[in-house]
Amino acid sequence: MFPISPLDVVGDDLKVTLPDGEVVRFAHLDYAASAPCVRAAAGAVQDLLPRYGSVHRGTGVRSQASTLAYELARDVVAEFTGAGPGDCVVFTRNTTDALNLLARALPPGTTTVVFDGEHHANLLPWPNPVRLPAPSSPDEAVEALDRALRQLTGPAVLTVTGASNVTGEVWPVRRLADVAHSYGVRVIVDAAQLAPHHPVSLHELGADYLAFSGHKLYAPFGAGVLAGRADWLDAAPPYLAGGGASASVGDRPGELTWATGPARHEGGTPNLLGAVALAAVCEALTGADRTALHDHEQALLTRLRDGLRDVPGATEVSLFGPEQPRVGIVSIAFDGSDPAEVARRLARDHGIGVRAGQFCAHPLVRRLTRSASAGECGTATGLLRASFGLGSTTDEVDRLLAALRS
Ligand code: PMP
């Protein structure tokens, strides 16, 4: 027996019945879409449920306990992201929500520089985007950014992913941030795929803002995070006007004072259980041996990538080339097979869950597949993606490879 760990996956013994009647353990290889829940998150929710009450709204013991738990969760996330004085941690619904919030808080007239390698959540919310082609190497990314910023006049921000949801490649965030900061340009990092695999310190990444989602960080209870500099957030109109976001309201329309700090953008009753679950995972990851977790994941990645060389017609896709560091995500192009059909058969005949399509990153997937068609998220065009993390095993990787070969 292994000792119980807060990072053990809940439900990793899910069984499925195959068409021939065989019952097998479901192999979940779709962590990049939504990771399974870990004990830390489930336990935090279980602990709080008997005391659950309103946040910031009551004097009773349930409300007091809930308010305390919510604000402690914020402190834990601040520590996880290295947010300090002058920063703000806002609980959101997910990464999409966090980036949309920030997009509406940019000072008027701000240009947003963004590469075409982004997930739509980090491509579409920005009011004045300058889109740079997806680069072929980290050096090319840095040079393209430098060129773009040299030509820009007026205020600008850079927004970039920490790790690609399509290729798993880690983007050169620190180098891009150094260039951006040399022009006085702030940096936003979409850490949806980075945070589950790497420590995400604002300071070390060189980021001014970080966004990520609980459901990809083993805490599937509907919370996300925007962490970063408070000044623009405090100056912006509240994301959701209503109770909590308002400090005082007069008798006439427009007679009101908005709150500052996180409350300004957390109008309405917050998602207490989501925030507490997310913070519990942040705490568990902070206390874990991240090197050991990283090594295990990299061993699985190497096994999968090596094994794919023996799968006829399958090619792993990458933007920056095979040597670029990656998180546990691999996307595969097939010569002559429809990835959606392959994914369906993996599920039906082998009990393996992966994802097929364009992963809400149409420009990048088009670039990677050099296909002219632009299907919807999750349609039959595009690639097949396998992704993993905590609790993933060599057996799952081997089953995927064997199934693909067959
Ligand atoms: N950015 C990246 C890199 C992602 O992978 C995703 C989710 N696939 C998102 C943003 C959006 O996350 P959410 O759906 O949780 O808002």
Side-chain angles (χ1 to χ4, degrees), residues 28-37 41 77 90-104 112 114-126 129 134 141 158-173 176 187-198 200 205 207 209-227 239 271 274-275 277-278 281 317-320 324 326-331 353-365 367-368 376-379 382-389:
H28 181 33
L29 291 172
D30 196 13
Y31 278 47
S34 278
C37 185
V77 173
V90 184
F91 284 116
T92 63
R93 286 182 295 176
N94 48 40
T95 306
T96 306
D97 199 36
L99 294 171
N100 273 272
L101 190 173
L102 186 54
R104 291 194 213 170
T112 305
V114 58
F115 289 95
D116 269 348
E118 297 296 327
H119 186 282
H120 297 168
N122 196 25
L123 199 58
L124 305 182
W126 309 108
L158 165 72
T159 188
V160 64
T161 193
S164 167
N165 68 308
V166 178
T167 65
E169 289 164 302
V170 175
W171 275 63
V173 170
L176 293 168
V187 177
I188 302 156
V189 175
D190 170 354
Q193 297 296 349
L194 190 66
H197 305 277
H198 277 271
V200 281
L205 288 167
Y209 303 92
L210 274 180
F212 55 92
S213 300
H215 72 101
K216 295 188 197 288
L217 197 68
Y218 309 100
F221 296 91
V225 167
L226 174 67
Y239 189 44
N271 176 1
L278 196 153
V281 178
V317 294
S318 97
L319 195 54
F320 297 150
Q324 183 66 10
R326 294 184 179 211
V327 300
I329 298 175
V330 175
S331 284
V354 294
R355 175 137 176 225
Q358 303 194 63
F359 321 121
C360 301
H362 293 180
L364 175 60
V365 172
R367 152 78 193 268
L368 291 169
E376 294 304 309
C377 294
T379 59
L383 303 165
L384 182 110
R385 181 180 73 186
S387 56
F388 43 80

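What's counted below: heavy atoms across the whole structure, side chains too, no hydrogens, waters or symmetry copies. All ligand and atom numbering here is 1-based and tracks the order in the structure. Residue numbers count from 1 along this sequence.
- Residues Y218 and G389 approach most closely at OH-CA, 3.5 Å, considering heavy atoms.
- Looking only at atom types and distance, the side chain of Y239 has a donor-acceptor partner in the side chain of D97 under 3.5 Å away.
- Contact analysis leaves E118 out of contact with ligand 1, as no non-hydrogen atom separation drops below 4.0 angstrom.
- Between the side chain of R367 and the main chain of A134, a donor-acceptor pair closer than 3.5 Å is present.
- Summary of contacts: the protein heavy atom closest to atom 8 (N) of ligand 1 is K216 NZ, 2.8 Å.
- Using a 3.5 Å distance cut-off with no hydrogens or angles, the side chains of T95 and S213 do pair a donor with an acceptor.
- Contacts with ligand 1 closer than 4.0 Å are made by heavy atoms of both the backbone and the side chain of T95.
- No N or O atom of D97 sits closer than 3.5 Å to an N or O atom of ligand 1.
- Heavy-atom proximity to atom 2 (C) of ligand 1, evaluated over T96, N94, D190, V166, is greatest for D190.
- Under the 4.0 angstrom criterion for non-hydrogen atoms, N122 is not in contact with ligand 1.
- Judged by distance alone, the side chain of E118 and the main-chain N or O of T161 form a donor-acceptor pair under 3.5 Å.
- When heavy-atom distances to ligand 1 are checked against a 4.0 Å cut-off, R93 has no atom that comes that close, whether in backbone or side chain.
- Looking from atom 4 (C) of ligand 1 to the surrounding protein, the closest heavy atom is H119 CD2, 3.4 Å.
- Checking only distances, T161 never comes within under 3.5 Å of ligand 1, N or O to N or O.
- The closest protein non-hydrogen atom to atom 5 (O) of ligand 1 is Q193 NE2, 2.7 Å.
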